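Report on the following structure.
Just so it is clear, the model here is predicted, and its values are computed rather than measured. Every number for a ligand or one of its atoms is a count from 1 in the order of the listing. Every heavy atom of this structure was used, including side-chain atoms; hydrogens, water molecules and symmetry mates were not.
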Amino acid sequence: MAFLNSKMLIAVSAIVLVCALIYNKRLYDLRQERMDRVLHGLLRAEKKVGVDRNTRIALGFGGCEDIFVDAQEVLSKMNLSAVSDPEHVTDIMSDLDFVKIFSYFFNAGAAAERYVENNTFFSEVAAAARDSTSARFELGGNAPAMARRLAMEGAEILLGARFTEETLKSLPESIKVLGKPLDVNELHIILEYSAGSIWGNYSASRANRFIIHSDKSNPFLDTLEDLERELPSFDPSVLVVGGLQMMDNFPFKEGVREERLRKLKDLLIATDRSTKTHFELASFSDENLMQEIVDSVVYYSDSLGMNEQELPNLVSILTNGKISLISDSKPRIATVLDQMRTVFNLLKDTEETDGKRKLTRLHVHTLAYQAILTTKGSEWKNTMAAAAKASLTANRHVCGSNFIDTEKAKILMDDSFSTSSVDAAADRIPLEEQRPVSCWSEDEFNICIAPVLVCTEVFQTGGGGDNISSAGLLYQI
Ligand SMILES: *[C@@H]1O[C@H](CO)[C@@H](O)[C@H](O)[C@H]1NC(C)=O
Ligand SMILES: *[C@@H]1O[C@H](CO)[C@@H](O)[C@H](O)[C@H]1NC(C)=O
Ligand SMILES: *[C@@H]1O[C@H](CO)[C@@H](O)[C@H](O)[C@H]1NC(C)=O
Ligand SMILES: *[C@@H]1O[C@H](CO)[C@@H](O)[C@H](O)[C@H]1NC(C)=O
């Protein structure tokens with residue numbers, strides 16, 4: 001009897017197990033079908049637009065060599081362990097400073113990029129990075145990364161950046177580089193970590209990276225004068241300004257930073273109105289610098305690009321003159337939309353005197369979705385396709401492959417979202433699988449939101465914003 005019972009028990013367990021497996025498989029299939037539909041919707045939207053071979057784009061500033069490494073491998077090679085008091089350190093002078101600030105951003109899963117003042121310490125990290133099994137080398141810098149992406153898409157590029165002769169030879173012919181060659185490339189160390197990785201008592205809430213550099217040339221925007229000279233004859237559709245974070249916390253001599261930014265402002269003022277200006281934000285921690293950038297670059301830009309950390313930082317500096325160092329790394333769409341409205345409302349009516357420009361385009365890239373806002377009746381085209389393009393580029397960049405595999409992706413965006421967290425009468429917009437890019441218009445602007453098929457097998461996160469922003473921009477000119 002007991003024997004029979006245990007046999008029955010096994011049979012029942014087996015049936016339950018099979019049912020559970022079938023159920024799981026069914027759930028998995030449903031999820032997979034949904035992802036495939038979203039992917040097809042995005043690809044369809046992307047295909048609607050082609051890139052004009054004669055598109056010319058100018059970009060500045062800064063060039064470097066990037067080392068991408070697994071953060072934990074480098075930290076353990078250097079015997080550095082987590083501290084119990086993470087802290088935002090402004091001048092990274094020692095290994096302790098470094099560990100404190102790394103813990104600070106790692107714990108928040110927030111991207112950041114910082115200058116290291118101690119050359120000896122920087123060389124030690126560089127040596128450990130070069131010696132890591134996870135090390136990958138690439139040509140880097142915001143402007144060059146955007147330049148290569150745009151060149152790959154077929155545009156003709158004028159780039160204000162400095163590299164060694166050898167690096168210059170490796171660039172595609174469609175990129176014309178201004179700026180005297182360097183003896184050694186500046187080096188940026190990109191310490192990457194994946195979602196959920198553990199360090200000491202901390203666990204990263206999302207995949208991200210912490211970047212350190214100790215640049216000598218980039219903070220001075222060395223190629224500004226070259227760009228100024230060549231810009232009129234090149235006559236680009238867009239002038240893209242990025243890489244200004246290299247100035248953050250750099251020990252400039254009195255007045256030099258202000259002088260360089262004034263020079264940049266003059267360049268923007270002198271830029272013909274037929275050339276649109278785009279500024280790609282980055283991680284800034286110096287309040288004065290950020291305010292100077294607002295005064296000399298933001299008010300002179302037709303278009304702005306930024307991530308979910310940089311948006312609240314911009315809102316904060318525009319509304320109360322303060323920096324916000326860290327924000328939610330996975331913000332709700334409603335919150336981001338409210339912040340985008342704030343920025344748009346503050347910059348849309350800029351009086352177009354002395355070379356200032358009204359903001360007519362705003363692109364916010366987050367892990368889960370892409371949001372692009374354009375002023376009604378402005379010259380920016382194809383917002384829907386641009387949002388789809390940016391979203392697909394995010395997956396391609398992070399997974400490191402042009403082919404998108406939905407088995408290695410997930411959708412983090414909810415099935416529907418509210419268009420505002422402060423307006424009680426806000427609409428709820430569903431994520432439609434067949435037409436995944438949601439577009440609507442409000443008083444003075446049109447806006448599109450595209451879900452990102454978030455890559456789950458991360459190849460790289462650094463440089464993603466540049467690829468994503470430039471891909472979106474290219475579709476709109
Ligand atoms: C790290 O610690 C190990 C063991 O204590 C030691 O062999 C190694 O030399 C240390 N490395 C560094 C870079 O200090
Ligand atoms: C980790 O957490 C434990 C328990 O909360 C605490 O005792 C310890 O000091 C922490 N260590 C670090 C390095 O933060
Ligand atoms: C700079 O870094 C080196 C190597 O890590 C260290 O020995 C030195 O004390 C640091 N200097 C300062 C001022 O902290
Ligand atoms: C991102 O841009 C770089 C060039 O800057 C390129 O090498 C890389 O392949 C791009 N990634 C994707 C997935 O497009």
Side-chain angles (χ1 to χ4, degrees), residues 62-108 110-138 140-141 162 164 182-193 197-202 204 208-220 222 243 245-257 282-290 323 325-326 462:
C64 61
E65 191 178 343
D66 283 341
I67 305 190
F68 292 81
V69 271
D70 175 42
Q72 276 139 316
E73 187 182 359
V74 173
L75 293 163
S76 81
K77 243 189 214 316
M78 298 183 71
N79 290 343
L80 296 175
S81 43
V83 286
S84 53
D85 53 343
E87 189 188 327
H88 187 270
V89 185
T90 19
D91 301 317
I92 304 178
M93 291 299 298
S94 65
D95 52 358
L96 183 61
D97 292 342
F98 170 74
V99 169
K100 281 185 172 175
I101 193 169
F102 179 82
S103 307
Y104 182 79
F105 287 109
F106 178 86
N107 191 28
E113 181 159 9
R114 290 294 179 266
Y115 175 73
V116 171
E117 203 158 329
N118 184 333
N119 282 324
T120 318
F121 176 66
F122 185 80
S123 310
E124 286 172 5
V125 184
R130 286 185 197 281
D131 191 39
S132 295
T133 52
S134 59
R136 277 185 302 114
F137 294 84
E138 265 187 52
R162 296 181 66 188
T164 60
L182 292 171
D183 293 334
V184 210
N185 281 328
E186 307 222 75
L187 182 69
H188 289 197
I189 306 172
I190 298 161
L191 300 150
E192 299 190 296
Y193 48 85
S197 51
I198 308 281
W199 192 50
N201 283 352
Y202 312 111
N208 228 323
R209 77 282 173 181
F210 182 62
I211 307 180
I212 53 173
H213 72 97
S214 106
D215 286 359
K216 303 286 171 274
S217 146
N218 287 327
F220 294 96
D222 273 354
Q245 72 278 16
M246 295 307 125
M247 302 178 112
D248 200 70
N249 285 313
F250 183 79
F252 285 103
K253 288 213 178 69
E254 179 81 26
V256 172
R257 184 180 83 195
S283 163
F284 292 101
S285 67
D286 180 334
E287 215 154 83
N288 295 330
L289 171 65
M290 184 83 185
I323 284 280
L325 282 173
I326 284 195

Given the protein's heavy atoms, is any one of them under 4.0 Å from atom 5 (O) of ligand 3? yes

Return the set of residues passing salt bridge (Lys or Arg N to Asp or Glu O under 4.0 Å) with D97 (not counting sequence neighbours), or none when no residue passes. none

Check this for me: does any side-chain nitrogen of one of E124 and K77 sit under 4.0 Å from a carboxylate oxygen of the other? no

Say whether T120, considering both its backbone and side-chain N or O atoms, lies within less than 3.5 Å of an N or O atom on ligand 3. no

Consider side chain to side chain contact (heavy atoms under 4.5 Å, CB included). Of F106, F98, F105, which one does L191 pass it with? F98

If we only count N/O pairs under 3.5 Å, is S94 in contact with ligand 3? no

Pair listing, side chain to side chain donor-acceptor pair (under 3.5 Å) test, anchored in residues 248-257, at least two apart: D248-S285, N249-S285, R257-D286, R257-E292

Regarding atom 2 (O) of ligand 3: of the candidates D97, N118, V116, D91, which has the closest heavy atom? N118

Ring centres under 6.0 Å, that's the criterion: do F250 and F220 meet it? yes

Which is closest to atom 13 (C) of ligand 3 by heavy-atom distance: E124, M93, E117? M93

